[in-house]
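Here is the structure we will look at.
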Number of protein chains: 2
Amino acid sequence: MPVDEITSIAAPQTVDEFRARLAALGEGLPKRLQQCASHVAGNLDRIAVSTVAEMAAGADVPPSAFMRFCQIMGFSGYSEMQRLFREAYAPGFPDYATRLANLKGGAGGASRLLAEFVEAGRMSLEGLAKSVDEAALSQAVEVLARAGMIHVVGLRRAYPVASYLAYVFEKMSVPAMLHEGAGRLDHRHALRPGDVVLAITFAPYSEETLSIASDARARGVPVVALTDHLSSPLARLSDAVLTVQEVDFGAFRSLSATIAMAITLAVAVGTARGQA
Amino acid sequence: MPVDEITSIAAPQTVDEFRARLAALGEGLPKRLQQCASHVAGNLDRIAVSTVAEMAAGADVPPSAFMRFCQIMGFSGYSEMQRLFREAYAPGFPDYATRLANLKGGAGGASRLLAEFVEAGRMSLEGLAKSVDEAALSQAVEVLARAGMIHVVGLRRAYPVASYLAYVFEKMSVPAMLHEGAGRLDHRHALRPGDVVLAITFAPYSEETLSIASDARARGVPVVALTDHLSSPLARLSDAVLTVQEVDFGAFRSLSATIAMAITLAVAVGTARGQA
DNA sequence: TAGCATATGGAACAAATATTCCAAATTCAA
DNA sequence: TTGAATTTGGAATATTTGTTCCATATGCTA
């Protein structure tokens, strides 16, 4: 039976199915396809970011041979095969805008909302794990661990995070003080040499928070930022910048990832101090 | 100075340089480029596997705007920028599971902690989705939607949740007031017929919160509870009880699931009121 | 408000990439 | 060795994707 008549089964839907099919084809292939199979097996992760020409060159076969390989794997061509890996590489493109539209149309009550927020939270946490800048994180911990007093600043949506940080710092006996926005009264006179400001703000960035941060910087007090983007105005004012992206659901953005980052920071700092 | 005359510096050679340049551009950009910057900052890992059209759509700008963005970042075009990420992302699949494993194995103590908290958060969210009592949830929404004023009470670990609820209620124009523990001063005189108390507390249960709740009940003001167990002392005092269990890591308990429940409650109540 | 500088979107164009096709090469069986 | 069946490579083509350009829109300054 010629290879191009191999009963075409459905294309693999997951990377695992792909692996299985690769194994199933195993030996019985002609030489060039064999080469493709073995090169692919060893370079699964490259498929997402390579062209056919590159993969073919890697397998040391002409592009047309590689195309045949894609077809006997069950795909219509290279593009379709690549799509599988691109999606696996950057998992899930759930389109929240349309889901929200559906939700509004559909029956769904509060439990449906809950499901959406749980999902958004999970994705935010996954995103955090994938995108955290480890260097920035340890730098932040280091700076904070050396602080005489940690001034936690966060208003509006960041306020719950700030208060949570203050709570955990207190539990861990780390000297920290929560700056409340209440009454427009600010405590910047409390900033002393050797202290550190931990500033938290997300778009639209709070004026007060930025102003306290720049004030601190002007006085030579280090600033650690917890914000949403490196391009945040807070980033420029800071000595260490931690970014956390929350997946939003409709107009609403939760705090799962931010809270996870906050507790990590607090516990890491508490631990570092305990050891010193 | 028009953006396309920004002195063209050499293109970033590493992802870190890229980040730095992104941060340096910061504010001064026109709207469309700002959108590009934001979207890119949050989706660095997708660049390797996406087309300009996809990235542009994600940033909600036309492809030509995205091209301009690539150019002011110092690249000749999208292809060149993408090459940086395709090469940088040689290391396997940044699939969540393996990334988590890397973090746990990683050198930095802080990254390890983060991995643990992320994992705990995810598990808490899953638990919440599985165990939610739908009847109690809709009952809580109903009671809150009818309230004249919602009094949000939560101290210590529950305080961040309470302040977050107050924030979201305000955003949704739901009359709500946050009872602060500050100064031992409590606002129970503010409780009026037709109001509702939303009380949040976890073991070890806060005296003050319980006392406000029982006070409210004595006056015939309904109480909605957000707590950790049906057997919580708060449960007995309440007209609707929502329970949320957080998975703890070591001695530390995060708030992912609680926050998810809180935002659900707030949005559901806001929506219900909007419709009425 | 006029006039200038800048930003924007889309259509036209260019380049890269995927895909097909078929003549030539190879293999295998008789 | 011959012929049929299969595999192979590359040239031709189709499709997708990237890039440029410019007319129009927008915002700013005087």
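All heavy atoms count here, side chains included; hydrogens, waters and symmetry mates do not. Protein chains get the first letters and strands the later ones, always in sequence-line order, with residue 1 at the start of each.
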Rounding to an integer number of Å, can you tell me how far [X] [atom1] sits from [N] [atom2]?
X     : N      : atom1 : atom2 : value
B/M81 : D/dT19 : CE    : P     : 10 Å
A/Y78 : D/dT17 : OH    : P     : 13 Å
A/R83 : C/dA18 : CZ    : P     : 13 Å
A/M55 : C/dA16 : CE    : P     : 21 Å
B/F66 : C/dG10 : CZ    : P     : 17 Å
B/Q34 : C/dT8  : CD    : P     : 10 Å
B/Q35 : C/dA7  : CD    : C1'   : 13 Å
A/F75 : C/dA18 : CZ    : P     : 15 Å

Apply ring-ring contact (aromatic ring centres under 6.0 Å, His included) to the pair B/F69 and B/Y78, showing each step before the final yes or no. CA-CA 9 Å; B/F69 171 76; B/Y78 183 73; 9.9 Å; no

Scan nucleotides 20-26 of chain D against the protein and return all N/O pairs shorter than 3.5 Å with their distances rounded to 0.1 Å.
unit_1 : atom_1 : unit_2 : atom_2 : d
D/dT20 : OP2    : B/Q71  : NE2    : 2.9

Nearest 0.5 Å, please: how far is CG in A/L137 from CD in A/Q139?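 Rounded to the nearest 0.5 Å, the CD-CG separation comes out at 10.5 Å.
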
Quick one: which of C/dA18, C/dG10, D/dG18 gets closest to the side chain of A/V52?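 The closest nucleotide is C/dA18.
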
List in chain and number order the residues that pass side-chain contact (heavy atoms from CB on, under 4.5 Å) with A/T209, two or more places apart in sequence or in another chain; answer none if no residue qualifies.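 Testing A/T209 for side-chain contact (heavy atoms from CB on, under 4.5 Å), a comparison that skips the adjacent residues, returns A/V153, A/L155, A/A199, A/T201, A/S206.
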
Is A/E126 paired with B/R122 through a side-chain N to carboxylate O contact shorter than 4.0 Å?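 Here B/R122 pairs with A/E126 in a salt bridge, since their nearest N and O are under 4.0 Å apart.
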
Is B/S79 near enough to D/dT19 that one of its side-chain N or O atoms lies under 4.0 angstrom from OP1 or OP2?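 The answer is yes; a side-chain N or O of B/S79 sits under 4.0 Å from OP1 or OP2.
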
B/F85/B/F18 aromatic ring centres below 6.0 Å: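 Ring centroids of B/F85 and B/F18 are less than 6.0 Å from each other.
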
What I want to check is whether the side chains of B/R68 and B/Q71 have a donor and an acceptor closer together than 3.5 Å.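 Checked: B/R68/B/Q71 side chains show no N/O donor-acceptor pair below 3.5 Å.
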
